[in-house]
Amino acid sequence: MSAIDQILARSLPLVPKPIVRRVSRRYIAGDTLREAVQTVRELNGFGLMATLDVLGESVTDRSLVEAAAREYEEALRAIIQARLDSNLSVKPTQFGMKIDFDLCLAKIRGLARQAREAGSFLRLDMEDSSCTSPTLDLYRRLAPECPGAVGVVLQAYMRRSLNDVKELPDQANVRLCKGIYIEPPEIAYRDRALVNKNFVHLLEALLDRGAYVGIATHDEELVWEAYRIIERRQLAPASYEFQMLLGVAEPLRRRIRGDGHRLRVYVPFGAHWYAYSLRRLKENPRIAGYILSSLFRPRTS
Ligand SMILES: Cc1cc2nc3c(=O)[nH]c(=O)nc-3n(C[C@H](O)[C@H](O)[C@H](O)COP(=O)(O)OP(=O)(O)OC[C@H]3O[C@@H](n4cnc5c(N)ncnc54)[C@H](O)[C@@H]3O)c2cc1C
């Protein structure tokens, strides 16, 4: 990232919301479930799988937990009715994990059971480090209750992740990503080379434990490392998948799919787009150009 891009990435909270919305449009399917279904349909048409994320997080009001659960149930119904190749990704804090762990467990359990009955699947996204232990706890409780229908995420920047692999239940389903939240160096690697090294270690450790891994990255170096591991272990294409975010690295996405690997796209939608958009823009290596061109582009809506 250039110096100017880095400065802009750090100043993003000062950028007016309408501009953030315009430049982050590529990362989000839209405000409504209908738009998300359309996006998934198009991705499925290109041979890509999807995971739907109803945007929202850090909920502190119980009525919003109920609302999130309803929105997810609707999304699950839409997936089934439209016969989409998609599952669900949920943020535990959207289900009240910060206010009441038992409420969160009960609500996610309800959704996981419905997903299981429908032959679908629910991934617990991993949020900041205050959520790591409770999220893994949720996963360890739900995995045996809903076998094959629940998964979790491990972050390669977390120093603890290699230990967390050892504590996973058997036949775990894990999305492996670098990690996006800002964490202190005492608990997280900051150096890109170290994070990448740990990503590869974790991928090997997860496969050694017999886990199904969602290899979630747009980093060509890691994709290449994953290819090497898949080849060496002679993994069947159905025993792992690549995962990418909507609106990111589409040429690489096409290449991975073209090479015969399964690939799932993370499709966020909904009214609570701001926090997610900031995280994505912060990672865009050409953020300055994006913001500048959006200032001079005519408005489309
Ligand atoms: C499917 C999926 C689910 C995820 N779930 C979680 C989660 O639950 N918890 C969590 O902490 N993190 C999650 N992440 C985010 C992840 O942790 C990283 O922050 C993010 O994927 C960027 O890391 P990278 O591996 O792509 O490598 P990077 O080195 O960040 O990116 C590699 C290259 O990809 C391109 N790129 C990356 N991001 C962008 C962008 N926003 N816009 C344009 N180009 C970009 C650039 O060309 C960049 O050089 C998820 C990522 C994916 C793909």
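All ligand and atom numbering here is 1-based and tracks the order in the structure. A quick note: this is a predicted structure, and the numbers were derived from the prediction, not measured.
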Where on Arg279 is there a heavy atom closer than 4.0 Å to ligand 1, on the side chain, on the backbone, on both, or on neither?
neither

Return the set of residues passing side-chain hydrogen bond (donor to acceptor under 3.5 Å, both in side chains) with Glu204 (not counting sequence neighbours), or none when no residue passes.
Arg232, Arg233

With side chain to side chain contact (heavy atoms under 4.5 Å, CB included) as the criterion, how do Ile80 and Leu76 come out once you've worked through the C-alpha distance, each side chain's angles and the decisive distance to 0.1 Å?
CA-CA 6 Å; Ile80 296 157; Leu76 182 60; 3.9 Å; yes

Atom 7 (C) of ligand 1 sits nearest the protein heavy atom Met126 O, 3.5 Å

Could you work out, with side-chain hydrogen bond (donor to acceptor under 3.5 Å, both in side chains) as the rule, every residue matching Arg34, not counting sequence neighbours?
none

Within ligand 1, which atoms have a heavy atom of Gly179 less than 4.0 Å away?
11 (O), 16 (C), 17 (O), 19 (O)

For atom 18 (C) of ligand 1, what is the closest protein heavy atom, and at what distance to 0.1 Å?
Glu283 OE2, 3.2 Å

Any atoms of ligand 1 less than 4.0 Å from a non-hydrogen atom of Ile180? List them with their elements.
10 (C), 11 (O), 12 (N), 17 (O), 19 (O)

When distances are taken from atom 21 (O) of ligand 1, the protein heavy atom at minimum range is His218 CE1, 3.5 Å

What do you think, any protein heavy atom under 4.0 angstrom from atom 31 (O) of ligand 1?
no

Taking atom types as modelled, find out whether Glu66 and Ser63 have a side-chain donor-acceptor pair closer than 3.5 angstrom.
no

Looking at Asp31 and Arg21, does any basic side-chain N land under 4.0 Å from a carboxylate oxygen?
yes

Which ligand 1 atoms, with their elements, are less than 4.0 angstrom from a heavy-atom of Met244?
1 (C), 53 (C)

Taking only heavy atoms of Pro285 into account, list the atoms of ligand 1 that are under 4.0 Å away from them.
44 (N), 45 (C), 46 (C), 47 (O)

Heavy-atom nearest neighbour of atom 51 (C) of ligand 1 within options Val265, Leu281, Asp53, Leu245
Leu245

contact_flag Tyr27 ligand 1 heavy-atom lt 4.0 Å:
yes

Between Lys91 and Glu127, is there a salt bridge with N-O shorter than 4.0 Å?
no

Atom 6 (C) of ligand 1 - nearest protein heavy atom and its distance
Cys177 SG, 3.7 Å

Near Tyr181 (heavy-atom distance under 4.0 Å), the atoms of ligand 1 are 11 (O)

Using a strict cut-off of 4.0 Å, indicate which atoms of ligand 1 neighbour a heavy atom of Arg280.
15 (C), 40 (C), 41 (N)

Minimum-distance protein heavy atom relative to atom 23 (O) of ligand 1:
Lys178 CD, 3.9 Å

Basic-acidic side-chain contact under 4.0 Å: Glu220, Arg255
yes

Using only heavy-atom distances, determine whether the side chains of Ser89 and Asp53 contain a donor-acceptor pair under 3.5 Å.
no

In the protein, what heavy atom is nearest to atom 36 (N) of ligand 1, and what distance, to one decimal place, separates them?
Val248 CG1, 3.6 Å

Which bit of Asn284 is near ligand 1, meaning a heavy atom under 4.0 Å away: side chain, backbone, both or neither?
both

With heavy atoms under 4.0 Å as the rule, classify the contact between Arg286 and ligand 1 as side chain, backbone, both or neither.
neither

For atom 25 (O) of ligand 1, what is the closest protein heavy atom, and at what distance to 0.1 Å?
Thr217 OG1, 2.6 Å

Closest to atom 1 (C) of ligand 1 among protein heavy atoms sits Gln243 CB, 3.6 Å

Please tell me whether Phe95 and Tyr72 form a close aromatic pair, meaning their ring centres lie under 6.0 Å apart.
yes

Could you tell me whether Arg228 and Glu225 make a salt bridge, using a distance below 4.0 angstrom between a side-chain N and a carboxylate O?
yes

May I ask you to say whether Arg113 pairs ionically with Glu145, meaning some side-chain N is under 4.0 Å from a carboxylate O?
yes

Look at Glu57 together with Arg279 and state whether they make a salt bridge at an N to O cut-off of under 4.0 Å.
yes

